[in-house]
Amino acid sequence: MNCKLIPILSMGLYVEPSLYPKPGGITPFNRDDKNYFDFLIHASLTAKIMQETCKRFEKKERGIIAKALNEYRNYLLNYDRKNIAFGEFLLHIPLSIGLAISSNIKEVAINSSKYVIEETGEYEGKLYYEILKILSPSYLGKYEGLMPDIFSSYPKSLYEVLSAYSWDLVNREMINGYQISLETIEYIKRFDNLNEAFLKGLLYIISRYGDTLTAKRNGFHFYKKMINDAKIGLYISEKYGINYAINYLKGIWGENISPGSALDVLSSSISLYFLDLYL
């Protein structure tokens, strides 16, 4: 495969925010401070960096993930400091590398993780922390943990921080061969209607792996509740349809709960799904 397939491999960036209805997260019909068009602009930026990253890899340039992170950081500094789908960006950049050296989606996933593990180091870790400083996600704050605080120091490498917090869905995917994305693809293939398939895919991810962004914001007990609720939601969707199930979950979770990590993984699942469909 080659870089000409990046438009297909970036489909999840556009499809995920376009799905409706969703329990939290952006849709074309949001009435709060989230703007659907901001997410489309972010998708376009990420797809552009994916294309450049893939071409740099084909030219055998070094430090190409660092270059992608640096371009993303500069965009945030110069144009936009909004915390929009950074997880989707992180998941898609390695995929644009895996694409160039693979013949099927499983190889894309494995090779993407291998590159992150073997080819990133201290500079990529520093850039990752600098982006987090700019975005300053509300759940982060100042903390003490396995890694240095983002406001006081830097990790030794990008892989070190990803592996230290590998319970996070995005981190886990990046260093474990995108296992959840590949598993979700097999699940959504069972359904003919794509909107229904992708929304059920979201509930499938939450029902099996929870949502780590929600866990950070709302605690472990809500994280466990969300898993059980999603299982019930899938059952309801079989009986009464996906719209009824989503509205049920929105009713018990509230409008301010957004399963952001699960949505990020859904996005990479959708991108790999369309690539697999094309192949």
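Side chains included, hydrogens not; waters and symmetry mates left out as well; all remaining heavy atoms used.
- Each salt bridge (charged side-chain N to carboxylate O under 4.0 Å, His left out) pair with one or both residues in residues 54-65, not counting sequence neighbours, appears once here: Glu61-Lys67.
- Here the side chains of Asn104 and Val108 are not in contact, with every heavy-atom distance at 4.5 Å or above.
- At least one side-chain heavy atom of Asn218 sits under 4.5 Å from a side-chain heavy atom of Ile257.
- Side-chain atoms of Ser102 and Asn111 include a donor-acceptor pair closer than 3.5 Å.
- Taking the side chain as every heavy atom from C-beta outward, Ser44 and Tyr14 approach each other to under 4.5 Å.
- Note on Lys156 versus Glu122: no salt bridge recorded, every NZ/NE/NH1/NH2 to OD/OE distance being 4.0 Å or above.
- Pairs engaging residues 265-277 under the side-chain hydrogen bond (donor to acceptor under 3.5 Å, both in side chains) rule: Glu88-Ser267, His92-Ser271, Ser181-Ser268, Lys189-Asp276 [sequence neighbours left out].
- Residues that satisfy the side-chain hydrogen bond (donor to acceptor under 3.5 Å, both in side chains) test with Lys22, not counting sequence neighbours, are Glu16.
- Side chains of Met50 and Ser10 form a contact here, defined as non-hydrogen atoms less than 4.5 Å apart.
- Here Lys225 pairs with Asp229 under the salt bridge (Lys or Arg N to Asp or Glu O under 4.0 Å) rule; sequence neighbours left out.
- By the 6.0 Å contact criterion, CG on Asp192 is open, its count of non-hydrogen atoms from other residues, nucleotides or ligands being 12 or less.
- Looking at residues two or more places apart in sequence or on another chain, you find no salt bridge (Lys or Arg N to Asp or Glu O under 4.0 Å) involving Glu107.
- Counting only distance, with no hydrogens or angles, the side chain of Ser157 and the backbone of Glu160 share a donor-acceptor pair below 3.5 Å.
- Taking 4.5 Å as the limit, every side-chain heavy atom of Tyr209 sits out of range of all side-chain heavy atoms of Val265.
- Taking the side chain as every heavy atom from C-beta outward, Phe39 and Leu13 never approach each other to under 4.5 Å.
- Using a 4.5 Å cut-off on side-chain heavy atoms (C-beta onward), Val161 and Tyr129 make contact.
- A distance-only check finds no donor-acceptor pair linking the side chain of Glu238 to the backbone of Tyr235 [under 3.5 Å].
- Using cut-offs of 30° and 60° for the angle between ring planes, the Tyr244 and Tyr240 rings count as tilted.
- Taken from CG in Leu266 to OG in Ser261, the straight-line distance is 12.5 Å, to the nearest 0.5 Å.
- Residues Leu69 and Phe89 meet the side-chain proximity criterion, which asks for heavy atoms closer than 4.5 Å.
- Using modelled atom types, one finds no donor on one side chain facing an acceptor on the other under 3.5 Å when comparing Tyr75 with His42.
- Contacts of Ser113 classified as side-chain hydrogen bond (donor to acceptor under 3.5 Å, both in side chains), with partners at least two apart in sequence or in another chain: none.
- Evaluation of the side-chain hydrogen bond (donor to acceptor under 3.5 Å, both in side chains) rule for Lys224 yields no partner, not counting sequence neighbours.
- Side-chain rings of Phe29 and Tyr36 stay apart, their centers remaining 6.0 Å or farther from each other.
- Taking the salt bridge (Lys or Arg N to Asp or Glu O under 4.0 Å) definition, one finds that Lys48 meets it with Glu52, Glu71, sequence neighbours left out.
- In this structure, Tyr128 has no ring pair (Phe, Tyr, Trp, His ring centres under 6.0 Å) partners at least two apart in sequence or on a different chain.
- When the side-chain contact (heavy atoms from CB on, under 4.5 Å) test is applied to Arg208, the partners found at least two apart in sequence or on another chain are Glu183, Tyr204.
- A distance of 13.0 Å separates CD1 in Ile270 from CG in Leu277, rounded to the nearest 0.5 Å.
- Listed by chain and residue number, nothing satisfies the salt bridge (Lys or Arg N to Asp or Glu O under 4.0 Å) test with Glu118 (two or more places apart in sequence, or in another chain).
- Residue Lys250 places its NZ atom among more than 12 non-hydrogen atoms of other residues, nucleotides or ligands, all under 6.0 Å distant.
- Grouped by direct or indirect side-chain proximity (heavy atoms under 4.5 Å, Ile/Leu/Val/Met/Phe/Trp/Tyr only), Ile227 sits with Phe220, Tyr223.
- The CD1 atom of Ile246 lies 6.0 Å from the CG atom of Leu202; values are rounded to the nearest 0.5 Å.
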